[in-house]
Amino acid sequence: MASTPMIDDKRDYARCYDHLAPNLYRMALLSLGCPADAHRVVSDAFVTGWREPCPEPDAIASKLIHLVDEGCARLCALNGCAYIESISEAMGGLAEASPYGPLLARLGNLSPETRRLVLFDALFGDESRLKPSSQPI
């Protein structure tokens, strides 16, 4: 039996992609520190999202966010200096002295799990939808 796409119309799904992909990519890039891995995670999420049924049209964004987060969790994220250098290069060569330098340094020193939760909260507003946590970040 063929799976039902979340959105029946390819044009609607393309609009969904155009609307969500930039923030999902940003989340994946800042989580992983590697542009190629971030692209792969977001692409895989949209392919999976198209193939797997989603009972509620309003649940599409949540489903895709969850798929991207799962993809980030499966990959080995960069940390420390490697993270900062890769992100700086991906963002156009930002120097550590730029306004983003301290933020990148802090993100690079967080565990990948904590980084994902912090970024989810910053980009989408409520990390509790991603994974319940008994400890504050």
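Scope of the values below: all heavy atoms of this structure, side chains included, with no hydrogens, waters or symmetry mates. Not measured: the values here are computed from a predicted model.
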Pro22: partners by side-chain contact (heavy atoms from CB on, under 4.5 Å), with sequence neighbours left out: Arg26
Contacts of Arg74 meeting side-chain contact (heavy atoms from CB on, under 4.5 Å) (sequence neighbours excluded), chain-then-number -> Glu70
Closest approach of [X] and [Y], non-hydrogen atoms and distance?
X: Leu64; Y: Cys16; value: CD1-SG, 3.9 Å
X: Val68; Y: Ala45; value: CG2-CB, 3.6 Å
X: Tyr25; Y: Ala38; value: CE1-CB, 3.5 Å

Side chains of Met27 and Asp69: does their closest heavy-atom pair fall under 4.5 Å? yes
Any donor-acceptor pair under 3.5 Å from Arg116 side chain to Ser31 backbone: no
Within residues 32-47 or reaching into it, pairs that qualify as side-chain hydrogen bond (donor to acceptor under 3.5 Å, both in side chains) - sequence neighbours excluded: Asp37-Arg40
Reported OH-to-CG distance for the pair Tyr17 and Leu24, which is rounded to 0.5 angstrom: 9.5 Å
Consider side chain to side chain contact (heavy atoms under 4.5 Å, CB included). Of Ser86, Pro35, Cys34, which one does Leu29 pass it with? Pro35
